[in-house]
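Okay, so here's the structure we're looking at.
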Amino acid sequence: MSTVDLRVNIGGLQLKNPVLTASGTFGYGIEFQSFGDLNALGGVVVKGTTLEPRAGNPPQRVVETAAGMLNSIGLENPGVDYFLEHYLPQLRSLGVTTIVNMAGNSVAEYCELAERLQQPGIAALELNISCPNVKAGGMAFGTSEKLVEEVVSQVKEHSRLPLIVKLSPNVTDIARIAQAAEAAGADALSLINTLLGMAVDHRTRRPILGNVVGGLSGPAIKPVALRMVWQVAQAVQIPVIGIGGIMTAADALEFIICGASAIQVGAANFVEPVAAWQIIDGIAAYLKENGMTDIKQLIGSLEI
Amino acid sequence: MSTVDLRVNIGGLQLKNPVLTASGTFGYGIEFQSFGDLNALGGVVVKGTTLEPRAGNPPQRVVETAAGMLNSIGLENPGVDYFLEHYLPQLRSLGVTTIVNMAGNSVAEYCELAERLQQPGIAALELNISCPNVKAGGMAFGTSEKLVEEVVSQVKEHSRLPLIVKLSPNVTDIARIAQAAEAAGADALSLINTLLGMAVDHRTRRPILGNVVGGLSGPAIKPVALRMVWQVAQAVQIPVIGIGGIMTAADALEFIICGASAIQVGAANFVEPVAAWQIIDGIAAYLKENGMTDIKQLIGSLEI
Amino acid sequence: MISSYDAAILENQQLAPSIWRLQLDVAALAQQVRPGQFVQVRVTNTYDPFLRTPLSVHDCDAKAGTIALLYQTVGTSTHALSRLRPGASVNILGPLGNGFTLPPARSNGNFALLVAGGIGIAPLLFLARELVAKKVSTRLLYGARTAADLTGIDAFEQLGVAVACCTDDGSQGLKGNVVDLLAGYLQSGAAGDVYACGPTPMLRALQQLVRSKGLAAQFSLEAYMACGLGACLGCVVAVPGGGYAHVCTDGPVFKEREVEL
Amino acid sequence: MISSYDAAILENQQLAPSIWRLQLDVAALAQQVRPGQFVQVRVTNTYDPFLRTPLSVHDCDAKAGTIALLYQTVGTSTHALSRLRPGASVNILGPLGNGFTLPPARSNGNFALLVAGGIGIAPLLFLARELVAKKVSTRLLYGARTAADLTGIDAFEQLGVAVACCTDDGSQGLKGNVVDLLAGYLQSGAAGDVYACGPTPMLRALQQLVRSKGLAAQFSLEAYMACGLGACLGCVVAVPGGGYAHVCTDGPVFKEREVEL
Ligand SMILES: Cc1cc2nc3c(=O)[nH]c(=O)nc-3n(C[C@H](O)[C@H](O)[C@H](O)COP(=O)(O)OP(=O)(O)OC[C@H]3O[C@@H](n4cnc5c(N)ncnc54)[C@H](O)[C@@H]3O)c2cc1C
Ligand SMILES: Cc1cc2nc3c(=O)[nH]c(=O)nc-3n(C[C@H](O)[C@H](O)[C@H](O)COP(=O)(O)OP(=O)(O)OC[C@H]3O[C@@H](n4cnc5c(N)ncnc54)[C@H](O)[C@@H]3O)c2cc1C
Ligand SMILES: Cc1cc2nc3c(=O)[nH]c(=O)nc-3n(C[C@H](O)[C@H](O)[C@H](O)COP(=O)(O)O)c2cc1C
Ligand SMILES: Cc1cc2nc3c(=O)[nH]c(=O)nc-3n(C[C@H](O)[C@H](O)[C@H](O)COP(=O)(O)O)c2cc1C
Ligand code: FES
Ligand code: FES
């Protein structure tokens with residue numbers, strides 16, 4: 001039997017395959033246990049975690065849009081303590097490659113979070129400086145090169161774990177933000193987070209989301225995500241993780257061809273809970289069909 | 001018979017209704033004559049026009065994406081002289097409210113274009129500083145407040161016609177770009193132009209578009225467009241024209257409710273050539289059903 | 001265990017101008033689902049509609065291995081669903097949610113009052129079937145806009161459930177809403193455990209009524225859902241004292257005291 | 001005049017593993033369309049697929065008021081089209097494009113050589129019908145991957161058109177491609193006006209051949225299209241001397257010398 005090597009190394013984080021599940025779209029993994037072996041995934045990026053528990057935004061929090069959806073969850077999460085006590089032991093005993101998505105309101109909060117998360121069973125940290133659904137911090141960090149540099153370099157001083165910086169697409173020049181994160185010591189970059197959007201009910205003349213605006217995800221945003229991943233992969237030396245509208249193995253392959261060393265499956269998990277597993281199989285099948293033995297042959301193979 | 005008043009005034013440009021067709025998606029109007037009375041439209045924004053004829057980008061130039069499409073036409077157009085000799089007389093004799101979308105590589109080019117276009121039969125100018133499909137100029141202008149101010153104030157000095165400035169969505173803070181355009185003398189703003197995107201064929205491992213990247217339009221981008229229109233309408237005093245994924249009257253109403261005084265129908269013209277006319281009827285019907293007599297009652301009526 | 005099923009469509013029948021009943025062949029699910037639980041239906045394999053559609057299990061025949069869904073055509077997904085024909089299949093995830101808490105079998109003096117507003121009738125037939133199986137004396141109070149929208153009363157009557165109706169326009173039963181209908185019924189001194197499903201304004205009024213009468217009540221709630229699996233955190237309802245519960249996993253059935261409507 | 005038609009589906013029939021024939025009731029269009037013109041089909045009313053699908057008019061019966069389309073299932077739109085059944089209707093825009101230039105009726109010594117590669121057969125049946133009506137002696141050279149993909153040869157033969165085939169795998173006719181087939185035929189000294197449709201590499205090779213033989217040729221081209229109406233400027237093909245022509249309005253039929261393939 002011909003086998004293919006799907007392993008990738010993301011800034012020190014060794015993955016058995018390049019398929020991760022995106023933060024906020026796969027819970028803590030546990031919710032999807034009945035659909036497949038969590039341990040067969042490249043890894044699980046858990047819901048954005050904050051120092052204190054957060055209740056999140058008022059409803060309505062999600063709405064379907066053309067080939068996508070808006071969400072304004074607002075980082076609802078039980079806080080880092082609860083995560084460490086309740087979820088981490090389960091994930092560790094299941095052997096899941098666990099990446100924690102961190103959200104904070106200030107550099108100090110991010111640093112404290114990072115320190116609290118230096119725990120066995122946590123494979124890497126993903127720095128969420130791009131959440132459009134919270135007032136303070138969140139996206140603001142991700143849209144300024146100066147702030148990106150500051151938060152990344154500070155967090156690096158408080159963490160030995162591989163640090164993935166998750167970028168916001170709501171910027172004029174994502175390549176420059178990416179370079180700022182790289183210069184400040186990021187081990188890898190993940191992109192894109194959601195595009196800021198809005199939905200309105202013309203009958204009631206009110207916004208549909210309780211928070212008025214929310215983050216757009218799903219196949220609708222794939223062309224934007226693909227373009228940004230391609231731009232960023234050319235602009236930096238560190239590995240890039242592609243995110244945005246990945247529903248099928250074909251979508252995932254496009255990101256890898258554009259330079260992504262790994263990908264994250266987001267809204268697809270809601271539509272097809274076995275999507276991530278199907279994508280792993282589809283990537284392996286594609287490599288075989290194309291006579292490749294190693295996923296690394298495909299990364300950045302786009303011919304212009 | 002109860003009638004409703006659909007007239008709007010866009011910075012000195014009087015329109016019989018708020019429904020325009022978007023530049024590059026309706027040719028010169030003439031192409032759609034067999035589908036309806038061009039004169040019944042609020043107006044037609046013609047294809048982006050440059051001083052010299054342009055051949056445009058190499059094929060493939062368009063591709064479907066999820067609930068949308070990418071284009072990299074690259075401003076193919078016969079040049080301003082041909083427009084004035086060939087198309088303008090036809091449009092004038094049909095009584096079409098004609099708005100010319102101008103594209104240039106430099107402030108000087110924009111100014112010269114504006115001067116050439118001070119012609120009877122041209123109702124207004126739309127300054128395209130947001131085209132993602134050309135190397136020089138184009139989008140670069142639209143992403144810098146300084147450049148926006150410069151080009152807008154200069155063009156204003158060379159034009160007596162109402163000047164609509166068309167904004168790019170590929171920016172961190174569209175409200176600030178909008179304010180820069182307003183401060184420099186724009187009579188109205190139109191948004192959004194396309195989001196920069198990309199498509200890849202995983203079988204050939206090549207970009208699908210000859211130009212590699214292109215502009216994303218269609219229903220996929222509506223949530224982003226709606227959010228930006230809402231943000232800009234709150235940030236400026238001048239009228240705002242909403243564009244992006246408008247397929248139906250319901251879509252158009254959402255933009256108007258968010259603060260748009262008029263809207264433009266883009267990619268919808270390809271899918272349903274009678275879309276613009278249907279939208280006019282649908283807006284009128286909505287006003288009647290909701291006991292309104294004037295479209296102005298609806299503009300910016302969003303209740304938060 | 002929550003699983004994904006490709007369920008063959010046995011029947012897809014229009015019962016009222018905007019109400020349809022879908023019968024699915026899905027034995028493994030039929031054998032474990034409980035009243036009040038729901039499924040997430042993938043109506044097409046395209047991206048329009050994009051998200052799945054949550055629908056309550058309307059009826060279930062564990063022996064035959066079938067379930068029925070009762071749905072109202074309101075938008076893209078439900079209209080697309082109504083166009084599917086026997087022979088086709090739909091992918092569904094389930095069983096989802098907690099379901100109604102049923103009283104212990106044959107417990108003395110247990111009266112069940114089922115209260116439905118509009119398509120809120122959907123989860124109550126399966127519930128009625130199980131209540132009757134437990135020998136609980138069951139009554140349905142059912143309100144809709146017009147007589148034409150009152151669907152499937154026969155099925156309740158065949159179970160031996162007493163049915164009282166009301167319509168907004170008085171075209172059948174009392175003219176008025178179902179909370180008034182219940183209030184009238186309770187005036188005679190009757191009592192019982194309330195099991196209700198319907199629009200939020202109805203449930204809000206019902207909450208007032210059952211509190212004033214000191215009745216126990218369970219409400220089956222709706223919320224806009226992305227996943228139905230507890231992963232997206234989209235489907236929240238406010239809870240007393242602040243914060244939110246998740247309708248897909250903490251519900252969709254809540255004790256009336258557990259939620260702020 | 002280009003118009004929008006809701007055309008009822010009379011028949012939608014599978015002819016080969018991936019080739020279907022759709023018969024539409026659309027009298028006003030059937031009465032004006034010419035060989036080589038195409039229509040833009042809106043396969044569903046959803047946003048997936050989003051754009052219309054350009055398909056050549058395969059056959060036309062002006063008296064019966066019907067047209068036929070022959071299509072290959074390659075992606076979302078064409079697969080969705082193959083799922084539609086008689087009774088349903090599709091919206092189409094047409095007639096679009098220029099069509100083939102036919103020789104004057106009964107002109108002496110006019111021989112027509114129709115050259116089809118794969119689904120390129122689509123526009124050629126309608127063309128053959130009109131050529132035969134003009135008493136032009138017509139011959140079809142038709143290549144496909146395998147015997148199973150050669151569809152509708154009967155219809156040509158019924159018109160009195162001589163048919164020669166080839167397949168990539170030799171399962172029917174000559175083993176080889178249709179340009180080789182034509183080259184072989186021309187070796188005997190035969191000549192004629194070439195009317196061709198097929199994949200670009202085939203047309204490129206054909207262009208070389210007809211140039212070397214000094215034959216007149218018309219090519220029906222494909223390009224990815226958004227509008228089909230000359231409005232989007234998406235559908236370009238390079239022309240000699242630089243610049244582009246628009247396949248939807250300047251074509252889809254071009255004289256071989258007009259385009260750089
Ligand atoms: C747990 C649960 C069980 C349900 N059971 C049933 C049932 O048995 N039968 C039935 O007919 N309906 C049921 N619903 C409601 C049903 O899910 C929605 O009507 C359906 O998703 C609408 O989809 P659509 O695409 O047709 O409409 P859309 O085009 O999405 O929307 C049409 C209208 O319906 C509203 N709507 C959309 N989704 C929901 C939702 N999840 N909840 C409430 N309103 C919504 C929209 O706001 C809009 O006003 C249930 C909902 C939940 C959460
Ligand atoms: C003027 C014209 C006439 C045509 N006539 C016919 C015909 O009679 N019968 C027929 O079967 N096909 C015809 N085609 C091609 C047909 O339009 C495409 O096969 C169809 O649009 C594919 O749509 P899809 O959604 O099924 O595939 P997609 O999912 O869009 O794509 C599947 C594959 O087909 C390619 N493709 C998509 N659109 C086109 C296109 N416009 N031209 C070439 N390749 C494309 C894609 O690049 C992709 O590789 C014609 C095209 C043109 C421009
Ligand atoms: C419901 C929902 C919740 C999300 N929560 C988070 C989060 O907590 N932290 C984060 O970094 N990204 C979050 N995201 C963004 C996703 O991780 C991902 O970047 C985005 O959805 C784009 O990918 P997709 O198109 O595949 O969904 C969330 C997305 C959705 C849809
Ligand atoms: C094929 C095509 C060509 C376009 N050409 C132009 C142009 O020349 N000038 C311009 O300002 N915008 C151009 N646009 C952008 C549209 O005018 C519009 O801003 C955009 O498509 C978003 O609207 P939509 O989603 O309704 O299509 C073009 C768009 C398309 C799809
Ligand atoms: S619907 Fe996703 S958490 Fe409830
Ligand atoms: S397809 Fe739009 S111009 Fe030809």
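Per chain, numbering begins at 1; letters A, B, ... match sequence-line order. Keep in mind it's a predicted model, so treat the numbers as computed, not measured.
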Closest non-hydrogen atom pair, [X] against [Y]:
X: A:A220; Y: B:L216; result: O-CD2, 3.7 Å
X: A:Q231; Y: B:L196; result: NE2-CD2, 4.2 Å
X: A:A199; Y: B:L226; result: CA-CD2, 4.1 Å

Any side-chain heavy-atom pair of [X] and [Y] under 4.5 Å:
X: B:L298; Y: A:R205; result: yes
X: B:V200; Y: A:R227; result: no
X: B:V213; Y: A:W230; result: yes
X: A:E254; Y: B:H202; result: yes

Legend entry - Per-residue contact mode, A:V171 against chain B (heavy atom under 4.5 angstrom): both
Inset, instruction - Just give me the residue among A:L302, A:V224, A:L253 that pairs up with chain B most often, heavy atom to heavy atom, under 4.5 Å. - result: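 Top option by heavy-atom pairs under 4.5 Å: A:L302.
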Inset, instruction - Among A:P169, A:G197, A:P223, single out the residue with the greatest number of heavy-atom pairs under 4.5 Å to chain B. - result: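 Answer, by heavy-atom pair count under 4.5 Å with chain B: A:P223.
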Using non-hydrogen atoms only, which part of [X] is less than 4.5 Å away from chain A: side chain, backbone, both, or neither?
X: B:L70; answer: side chain
X: B:A250; answer: both
X: B:I174; answer: neither
X: B:Y286; answer: side chain
X: B:T65; answer: side chain
X: B:N290; answer: side chain

Inset, instruction - Look at B:A67, B:A225, B:P219, B:P207 and state which one has the largest set of heavy-atom pairs under 4.5 Å with chain A. - result: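 When all of B:A67, B:A225, B:P219, B:P207 are compared, B:P207 has the most.
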Inset, instruction - Indicate yes or no for a side-chain donor-acceptor contact from B:T172 to the backbone of A:T143 under 3.5 Å, with no hydrogens or angles considered. - result: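 Judged by distance alone, no pair lies under 3.5 Å.
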